[in-house]
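I have placed the structure first, in the form of structure tokens, so that the comments after it can refer back to it.
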Protein chains: 2
Amino acid sequence: MDVQPSTRERLLDATEDLAFTQGVAATPVDEILRSAGVAPATLYAHFGNKEGLITQALERRLMRWDEAWQLAIDEASTPREKLLAVFPALTEYRRGVTAARWCAFLGVAAESPRPGPELQKALASDTQLLTSRLRELAVPVVGANHVDALVAQLVLVYTGVLGMLLRGMDAERAVELGLHIAGAAVEAAAGTRS
Amino acid sequence: MDVQPSTRERLLDATEDLAFTQGVAATPVDEILRSAGVAPATLYAHFGNKEGLITQALERRLMRWDEAWQLAIDEASTPREKLLAVFPALTEYRRGVTAARWCAFLGVAAESPRPGPELQKALASDTQLLTSRLRELAVPVVGANHVDALVAQLVLVYTGVLGMLLRGMDAERAVELGLHIAGAAVEAAAGTRS
DNA sequence: GTCTATATCAAGATAGAC
DNA sequence: GTCTATCTTGATATAGAC
């Protein structure tokens with residue numbers, strides 16, 4: 001039996017739908033309210049202000065991405081496949097949630113010159129999760145010595161995949177391309193392993 | 001003898017300073033006017049509206065990037081170095097102009113869900129220049145058959161370099177990292193050459 | 001917790017003079 | 001071409017009732 005989503009969740013859903021596709025500044029609070037079927041005062045009671053709403057939408061989004069990525073890792077068999085699972089996970093993830101225009105986190109970062117502490121934390125936690133988990137996964141593949149360089153490369157490629165969406169590239173093609181580049185980087189790093 | 005910049009140029013300068021570092025929506029026209037020392041009506045006489053101002057700032061920026069990149073290509077000696085010159089060119093370019101927070105074009109694209117035709121054209125011309133010139137440069141390196149795949153990879157890496165700036169990475173490190181990944185991609189593609 | 005109604009304010013844009 | 005002064009709108013946020 002389906003429970004209908006709470007007011008709070010409807011607001012977060014609408015925020016993902018609208019703000020992460022059109023841009024935050026290009027999405028008036030009014031539009032989110034209309035889409036969620038909620039009154040202004042209710043939004044402010046829950047989230048304080050627009051930035052609070054965006055922040056919590058990002059937090060929920062990161063949790064879901066975290067789970068989706070972890071699932072993809074668990075399903076992969078070899079250490080190398082687990083390390084590269086971030087790319088197929090992205091495709092799968094974008095099917096499950098409302099797909100952002102490119103990346104909810106980078107998009108908000110780009111248009112937030114002076115984020116408040118909460119938002120700043122939410123934004124940083126995306127890069128944080130990305131690098132820390134990739135580091136764990138990379139150790140079995142290239143050894144502890146070469147991990148840092150490889151992780152930085154993988155984060156760059158992952159970021160490039162998302163950026164290509166802004167250049168109009170199809171998401172699946174971008175992921176495929178990224179996987180190819182990342183695979184080569186892993187080979188090169190694994191070859192260097194002392 | 002230095003000629004002092006025209007009103008028009010002061011406005012474009014201020015736009016690059018402010019809108020491409022803070023974000024367009026986060027930069028009120030007022031702030032640009034104050035920074036340029038110009039009256040509102042003057043701006044609208046020159047550019048029609050805010051989007052016109054942004055559009056022309058992007059157009060001027062692309063011209064300068066075009067020149068800077070071409071210069072870097074001319075200074076490189078081997079075909080492989082010319083192909084990869086886009087990365088050192090980026091470092092050099094960012095010294096010459098007001099460096100954007102990450103990328104003026106991608107940044108504007110990200111916060112413009114429904115750009116007018118002029119702006120759309122200005123945005124597309126960045127990717128256009130990038131792909132067409134890389135394609136020319138790649139032919140001598142990998143042959144005409146494998147060009148498309150390699151170009152797409154290089155554009156992705158280039159885009160990833162810029163995106164890393166939003167994750168707080170230092171520009172020179174990002175460029176260095178990108179150059180490394182791109183170099184490996186070029187090697188791999190050149191090796192495949194039939 | 002949620003609503004209706006409204007206050008407040010800032011931003012984009014224009015009128016009209018010089 | 002450029003200025004001062006102002007208009008108009010649309011967006012964030014709040015007051016007060018249910």
Side-chain angles (χ1 to χ4, degrees), chain A residues 3-58 60 107-108 110-119 122, chain B residues 3-58 60 107-108 110-119 122:
Chain A
V3 186
Q4 74 171 346
S6 69
T7 302
R8 182 190 142 85
E9 280 172 332
R10 287 209 314 281
L11 283 167
L12 293 175
D13 289 343
T15 301
E16 297 203 49
D17 279 359
L18 299 168
F20 298 160
T21 52
Q22 303 178 335
V24 174
T27 305
V29 172
D30 276 24
E31 200 180 343
I32 295 173
L33 292 171
R34 247 182 294 121
S35 168
V38 168
T42 308
L43 185 154
Y44 290 97
H46 277 279
F47 301 103
N49 56 27
K50 189 180 182 181
E51 184 166 319
L53 173 64
I54 298 297
T55 301
Q56 296 196 34
L58 288 176
R60 193 183 68 165
V108 172
E111 52 178 332
S112 307
R114 282 173 288 281
E118 304 285 303
L119 177 54
Chain B
V3 186
Q4 74 172 349
S6 68
T7 301
R8 183 190 139 84
E9 280 172 331
R10 287 210 313 282
L11 283 166
L12 293 176
D13 289 344
T15 301
E16 296 203 48
D17 279 0
L18 299 168
F20 297 160
T21 52
Q22 302 179 335
V24 172
T27 305
V29 172
D30 277 23
E31 199 181 344
I32 296 173
L33 292 171
R34 249 183 291 121
S35 168
V38 167
T42 307
L43 184 154
Y44 290 96
H46 276 280
F47 301 102
N49 56 28
K50 189 181 182 182
E51 183 165 320
L53 173 66
I54 298 296
T55 302
Q56 296 197 34
L58 287 176
R60 192 182 71 165
V108 172
E111 51 178 332
S112 307
R114 281 171 290 280
E118 305 284 302
L119 177 55

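The basis for the numbers below is simple: all heavy atoms, side chains too, and nothing from hydrogens, waters or symmetry mates.
Taking CG of A:Leu11 as the start and CD of A:Gln56 as the end, the distance is 10.5 Å to the nearest 0.5 Å. Put simply, CD1 on B:Ile54 and CG on B:Leu119 are 8.5 Å apart, with the number rounded to the nearest 0.5 Å. For the atom pair NZ (A:Lys50) and OG1 (A:Thr27), the distance works out to 6.5 Å, reported to the nearest 0.5 Å. If you take CG on B:Leu53 and OG1 on B:Thr15, they are separated by 3.5 Å, rounding to the nearest 0.5 Å. Distance check, rounded to the nearest 0.5 Å: CG of B:Leu33 to CG of B:Leu18 gives 10.5 Å. Interatomic distance, OG of A:Ser35 versus CG of A:Asp30, reported as 12.0 Å (0.5 Å rounding).
Protein chain B contacts DNA chain C from C:dA11 to C:dA15, reading 5' to 3' and using non-hydrogen atoms of the protein with a distance under 4.0 Å.
Within residues 40-48 of chain B, the residues that have a heavy atom under 4.0 Å from DNA chain C are, in order of number, B:Pro40, B:Ala41, B:Tyr44. Near-neighbour residues of DNA chain D inside residues 16-26 of chain B, defined by a heavy atom below 4.0 Å, are absent.
Atom CG of A:Leu53 and atom P of D:dA11 are 16 Å apart (whole Å).
Under the 4.5 Å side-chain criterion, counting only non-hydrogen atoms from C-beta, A:Arg8 is not in contact with A:Val38.
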* **Full working for side chain to side chain contact (heavy atoms under 4.5 Å, CB included) between B:Phe47 and B:Thr55** => CA-CA 9 Å; B:Phe47 301 102; B:Thr55 302; over 6 Å; no
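Counting non-hydrogen atoms of neighbouring residues, nucleotides and ligands closer than 6.0 angstrom, the CD atom of A:Glu118 reaches no more than 12 such neighbours.
Two residues, B:Arg10 and A:Glu51, neighbour DNA chain D, and the one matched to the more 5' nucleotide by heavy-atom proximity is B:Arg10.
Look at B:Asp17 and B:Arg10 and you find no salt bridge, because none of the NZ, NE, NH1 or NH2 atoms lies under 4.0 Å from a carboxylate O.
Base engagement by A:Asp30 is indicated by at least one non-hydrogen atom pair under 4.0 Å involving a base atom.
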